[in-house]
Number of protein chains: 2
Amino acid sequence: MSLTLDDIRAAAKRLDGVVHRTPVLRSRTLDRAVGAEVHIKAENLQRMGAFKFRGAYHAMCRLGPEQLARGIVTFSSGNHGQAVALAARELGTTAVVLMPADAPASKRAAVEGYGAEVIAFDRYTDDRDDLMTRLAAERGLTMIPPYEHWDVMAGQGTAALELIEDAGELDALLVPVGGGGLLAGSAVAAKGLLPGVRVIGVEPRAGNDTEQSLQAGRRVRVAVPRTIADGQAVATPGELTFSVNRRLTDEIALVDDDEIRDAMRFAFERLRIVIEPSGATVLAALLSGRVTLTGRAGVIISGGNIDVARFVSLF
Amino acid sequence: MSLTLDDIRAAAKRLDGVVHRTPVLRSRTLDRAVGAEVHIKAENLQRMGAFKFRGAYHAMCRLGPEQLARGIVTFSSGNHGQAVALAARELGTTAVVLMPADAPASKRAAVEGYGAEVIAFDRYTDDRDDLMTRLAAERGLTMIPPYEHWDVMAGQGTAALELIEDAGELDALLVPVGGGGLLAGSAVAAKGLLPGVRVIGVEPRAGNDTEQSLQAGRRVRVAVPRTIADGQAVATPGELTFSVNRRLTDEIALVDDDEIRDAMRFAFERLRIVIEPSGATVLAALLSGRVTLTGRAGVIISGGNIDVARFVSLF
């Protein structure tokens with residue numbers, strides 16, 4: 001199994017009319033600050049506020065009716081959980097979402113608001129894969145993990161496909177990296193359409209598991225990172241996602257929490273959009289100068305799910 | 001003189017490639033909350049963060065070269081000032097902006113950032129028209145007022161024109177009202193394209209000068225309103241704008257500061273966009289139930305210029 005541009009094109013057809021075709025935003029202020037022409041794929045404006053709806057819905061809509069009817073189980077720090085919960089509601093089934101006990105309250109409330117059951121786990125001690133597998137066996141549920149799934153990755157890749165369709169030729173594409181599903185899907189779409197494009201993954205410095213893994217040539221596990229970028233608090237790349245990303249990722253950029261916060265402020269005040277910390281990493285990489293580029297760049301803003309209370313507490 | 005759909009179409013041609021064609025956003029969460037299909041024209045994503053750039057640039061690009069070269073003067077609580085400052089820079093001239101001394105710091109900084117000169121006045125005691133007229137005479141400047149100008153109104157109307165082109169048939173259109181320029185331009189565009197559309201202006205309750213004026217059939221002056229909606233702290237409608245709005249506005253809805261704050265929170269958490277208080281009034285009118293509607297509605301989010309510090313202070 002692998003992932004091809006055709007898989008992503010097929011996913012885009014299945015998602016047509018279900019996901020928002022999110023806008024590609026432009027800002028001359030940003031362009032001047034960065035020294036390049038930046039095209040911003042605003043997946044914070046996606047349904048439920050993140051690209052995750054693409055992959056979750058895509059994987060679930062491909063299940064057989066019996067598998068779907070048995071219900072879904074997943075784990076998620078928040079956005080994938082919301083995505084599965086919303087997709088389950090739309091597809092007429094149920095979902096159980098394993099969430100870290102310290103996930104933002106608004107994300108938990110949103111998952112429950114879409115009608116899913118939430119079970120809390122400890123992000124720093126529990127093994128979420130084990131928990132999910134056990135629950136799936138006990139209750140006969142179908143597992144839709146957040147990134148270790150080809151159909152999930154194909155769905156995520158549709159964001160980059162749309163970006164390139166709308167923005168045209170790009171010299172570079174910056175993508176946030178957590179488990180690596182968005183990066184894998186985006187890299188396949190981007191390299192398929194534009195073989196010369198430079199694909200850059202952006203991680204929080206506190207959790208550079210993908211950078212370390214790419215350097216080592218194998219999946220490295222780090223301590224679960226403590227960062228404001230809760231969507232990227234991942235200790236090791238996925239096996240499937242890494243098999244794609246080691247082939248197609250040109251480089252990894254690292255950003256720290258202060259740079260993420262500055263990028264969130266820039267997005268708020270100059271782009272007038274709300275970006276959660278993980279989504280701001282790609283802007284942080286550009287604004288901090290950690291990535292320098294010229295020409296035409298695309299960035300994927302992964303999500304915007306942050307409640308006012310948490311936003312206020314960060315500033 | 002008056003304002004016609006053709007004037008707005010001509011303005012749209014002149015602004016093509018200069019202003020952003022801002023996206024029309026959709027939210028099923030909002031639709032469910034409101035009970036109608038809401039099409040959101042996101043002028044907070046316009047250049048310099050508000051629809052005002054449309055009118056200012058349009059009026060200024062129609063000046064003769066000598067008039068333009070002498071420089072521009074205007075008054076503004078913020079967004080029109082930024083718009084004139086940016087347009088002046090783009091058109092290669094200079095601008096002086098009279099701003100209330102209590103205008104948000106970020107708006108003053110932005111005007112100065114675009115290279116304009118700022119002169120402060122007291123919003124509650126000074127007559128800004130007098131100040132502007134005097135300054136224009138003293139320095140030989142060309143006045144581009146924020147709404148009492150047909151070319152300004154024509155430029156503002158292009159937002160509604162784009163909204164209807166993109167969203168199609170609408171049963172109602174909600175527009176924030178300050179001096180009335182956006183409402184006038186929008187009403188002409190909307191009624192010209194969709195004769196049956198219901199045009200609703202939305203004002204802060206503390207400053208319902210347009211509502212009172214429409215009821216009285218003449219321009220009524222109220223005490224300068226104290227509201228968080230600083231962009232609508234206007235004491236009386238414009239003469240030209242009122243001549244249009246009394247003819248084409250079907251009703252006025254009033255919202256209070258708490259409703260505006262709730263709408264800003266909804267926009268932040270559920271739409272993931274930043275809206276300044278004045279821009280949030282149209283959402284506030286819908287979410288508070290002060291305006292009830294069915295079918296397809298358009299709303300114009302006028303702007304998103306609020307700095308993080310002020311936003312934090314509101315929550």
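Below, read A as the first sequence line, B as the second, and so on, with proteins coming before strands; counting in each chain starts at 1.
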- Does a side-chain heavy-atom distance below 4.5 Å link Val274(A) with Leu271(B)? no
- Task: Tell me, yes or no, whether the heavy-atom count around Arg89(B) atom CZ, taken from other residues, nucleotides or ligands under 6.0 Å, exceeds 12.
- Result: yes
- Item | Exercise: identify the closest heavy-atom pair between Arg26(B) and His20(A) | O-NE2, 3.3 Å
- Quick one: CZ on Arg47(A) to OG1 on Thr29(B), what's the gap to the nearest 0.5 Å? 8.5 Å
- Pick from Ala42(A), Gly49(A), Ala267(A) with the largest number of heavy-atom pairs that fall under 4.5 Å of chain B: Gly49(A)
- Task: Looking only at non-hydrogen atoms, find the nearest pair between Val308(B) and Arg265(A) and report the distance.
- Result: CB-NH1, 3.6 Å
- Query: Which atoms of Ile273(A) come close to chain B, meaning under 4.5 Å heavy atom to heavy atom: side chain ones, backbone ones, both, or neither?
  - Reply: both
- Message: If you define the side chain from C-beta out and look only at heavy atoms, does anything of Phe311(B) sit under 4.5 Å from Phe311(A)?
- Response: yes
- Message: Looking at every non-hydrogen atom in both residues, tell me the closest pair between Ile306(B) and Phe268(A) and how far apart they are.
- Response: O-CE2, 3.2 Å
- Please flag which part of Met264(B) lies under 4.5 Å from any non-hydrogen atom of chain A: side chain, backbone, both or neither. neither
- For the residue pair Arg272(A) and Gln46(B), what are the closest heavy atoms and their distance? NH1-O, 4.4 Å
- Note on the structure: One should read off an interatomic distance between Met48(B) CE and Arg270(A) CZ, to the nearest 0.5 angstrom, of 10.5 Å
